[in-house]
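To keep things clear, I will list the structure first and then write my remarks on it.
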Amino acid sequence: MKSLEVFEENLNSTDIFTARLHAISTYLKPKKPHEYPKTIPSDIIKFVSFDESHFDKIFESGFIGLFANFEYFMYEFLKELYTKYPKAIPIEKTIKVEDVLQFKSYKSVRDFLIDSIAIENSYNLEVWNNTAQKLFNIKPISDNIRIKLMIMNSMRNLFLHSGGHWNSRAFKDSRKIEKNLISVNSSEKSLKKLSQKQVFNTGKSALTPQTAYTTTIECLREIIKDIKLQIEKSKRKKKLKT
């Protein structure tokens with residue numbers, strides 16, 4: 001699927017970019033300005049000097065970038081599936097007359113409907129996952145990966161909206177995460193460890209940006225791998241039937 005290919009390309013691009021920044025900062029950090037390569041112009045030396053605070057910022061930006069890649073994929077994935085299987089479009093879905101009048105063809109109206117439905121069903125991880133599974137028999141996120149992503153998404157919201165600090169939204173997220181952990185038969189001991197030490201504390205998130213980045217990219221690559229396997233399995237079944 002095209003959306004899956006683009007997602008994988010974007011993910012790799014973000015990972016390479018983050019890795020390069022980290023590599024450069026690691027190389028430059030212990031060096032004094034006069035020891036930098038002569039190829040670096042003197043007037044930009046101040047922009048390539050790194051200290052400890054920059055490491056977290058590099059991974060924080062990369063982490064947010066990974067979720068941007070994923071959310072774009074969520075939308076494009078559903079859009080591609082609805083386009084391929086238009087019968088999955090809800091029959092009760094309506095469109096305003098004022099919107100219809102702007103389009104010149106049936107295809108334009110259909111594309112508009114598909115776009116709006118794809119957007120509606122890709123705002124939330126659970127809604128997106130359930131929609132793909134119910135309508136197209138593809139389960140993009142396994143239970144284990146789903147919980148990890150819920151944690152990472154809550155962490156992402158902390159970075160974006162509260163500087164990485166605990167807030168009431170994070171508390172609500174943590175309660176929801178705990179319920180999901182229980183639903184997949186996690187032990188009380190591991191539940192307590194995850195919710196208290198790895199997710200949140202009373203100040204900033206206990207997860208470092210680098211840990212969040214590494215965990216997220218592992219989850220997203222697992223999603224790509226799992227979807228590919230499901231698609232291949234579906235193709236094999238169809239061949240056997242014919």
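Only heavy atoms go into these numbers, but all of them, side chains included; no hydrogens, no water, no symmetry mates.
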Within a strict 4.5 Å, meaning less than it, do heavy atoms of the [X] and [Y] side chains meet?
X      : Y      : result
Glu60  : Gln210 : no
Phe73  : Asn69  : no
Glu126 : Ile141 : no
Thr215 : Met152 : yes
Trp128 : Asn124 : no

Problem - For the student: nearest non-hydrogen atoms of Pro140 and Asn129, plus distance - result: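 That closest heavy-atom pairing would be CD-OD1, 2.9 Å.
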Exercise for the section: Measure across Thr214 and Ile217 and return the closest heavy-atom pair with its distance rounded to 0.1 Å. Expected result: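 That would be O-CG2, 3.4 Å.
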According to a 4.5 Å side-chain heavy-atom criterion applied to Ile, Leu, Val, Met, Phe, Trp and Tyr, with indirect links allowed, do [X] and [Y] form part of one hydrophobic cluster?
X      : Y      : value
Leu11  : Met1   : yes
Phe112 : Ile119 : no
Ile138 : Leu135 : yes

Straight-line distance of [X] [atom1] to [Y] [atom2], nearest 0.5 Å:
X      : Y      : atom1 : atom2 : result
Glu9   : Leu4   : CD    : CG    : 10.5 Å
Met150 : Ile147 : CE    : CD1   : 7.5 Å
Leu21  : Ile58  : CG    : CD1   : 5.5 Å
Ile117 : Thr131 : CD1   : OG1   : 10.5 Å

Handout entry: Residues forming a side-chain contact (heavy atoms from CB on, under 4.5 Å) with Ser13, sequence neighbours excluded
Key =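 Expected list: none.
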Identify all side-chain donor-acceptor contacts of residues 76-85 below 3.5 Å with residues at least two apart in sequence or on another chain.
unit_1	atom_1	unit_2	atom_2	d
Lys79	NZ	Tyr75	OH	3.2
Glu80	OE1	Ser3	N	2.9
Glu80	OE1	Ser3	OG	2.6
Glu80	OE2	Lys2	N	3.1
Tyr82	OH	Asn121	ND2	3.3
Thr83	OG1	Lys79	O	2.7

Practice task
Look at the side chain of Ser61 and the backbone N and O of Lys57, then say whether any donor-acceptor pair between them is shorter than 3.5 Å.
Solution key: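 Judged by distance alone, yes, a pair lies under 3.5 Å.
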Without placing hydrogens or testing angles, list every side-chain donor-acceptor pair under 3.5 Å for residues 218-228, not counting sequence neighbours.
unit_1	atom_1	unit_2	atom_2	d
Arg221	NH2	Asn12	OD1	3.4
Arg221	NH2	Asp15	OD2	3.0
Lys228	NZ	Glu8	OE1	2.9

Exercise for the section: For Lys134, enumerate each residue passing the salt bridge (Lys or Arg N to Asp or Glu O under 4.0 Å) test, keeping only those at least two apart in sequence or located in another chain. Expected result: none
Completion exercise
For Lys107, the salt bridge (Lys or Arg N to Asp or Glu O under 4.0 Å) test, sequence neighbours excluded, returns Asp111
Exercise for the section: Could you tell me which residues satisfy ring pair (Phe, Tyr, Trp, His ring centres under 6.0 Å) with Phe63, sequence neighbours excluded, listed by chain and number? Expected result: Phe67, Phe159
Exercise for the section: Give me the ring orientation class for Phe70 and Phe7: parallel if the planes are under 30° apart, tilted from 30 to 60°, perpendicular past 60°. Expected result: tilted
Practice task
Give the C-alpha distance, both sets of side-chain angles, the deciding distance and a yes or no for side chain to side chain contact (heavy atoms under 4.5 Å, CB included) between Lys148 and Thr216.
Solution key: CA-CA 8 Å; Lys148 287 181 181 178; Thr216 300; over 6 Å; no
Problem - Among Tyr213, Phe17, Phe59, the one residue meeting ring pair (Phe, Tyr, Trp, His ring centres under 6.0 Å) with His22 - result: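 One option only clears the test, and that one is Phe59.
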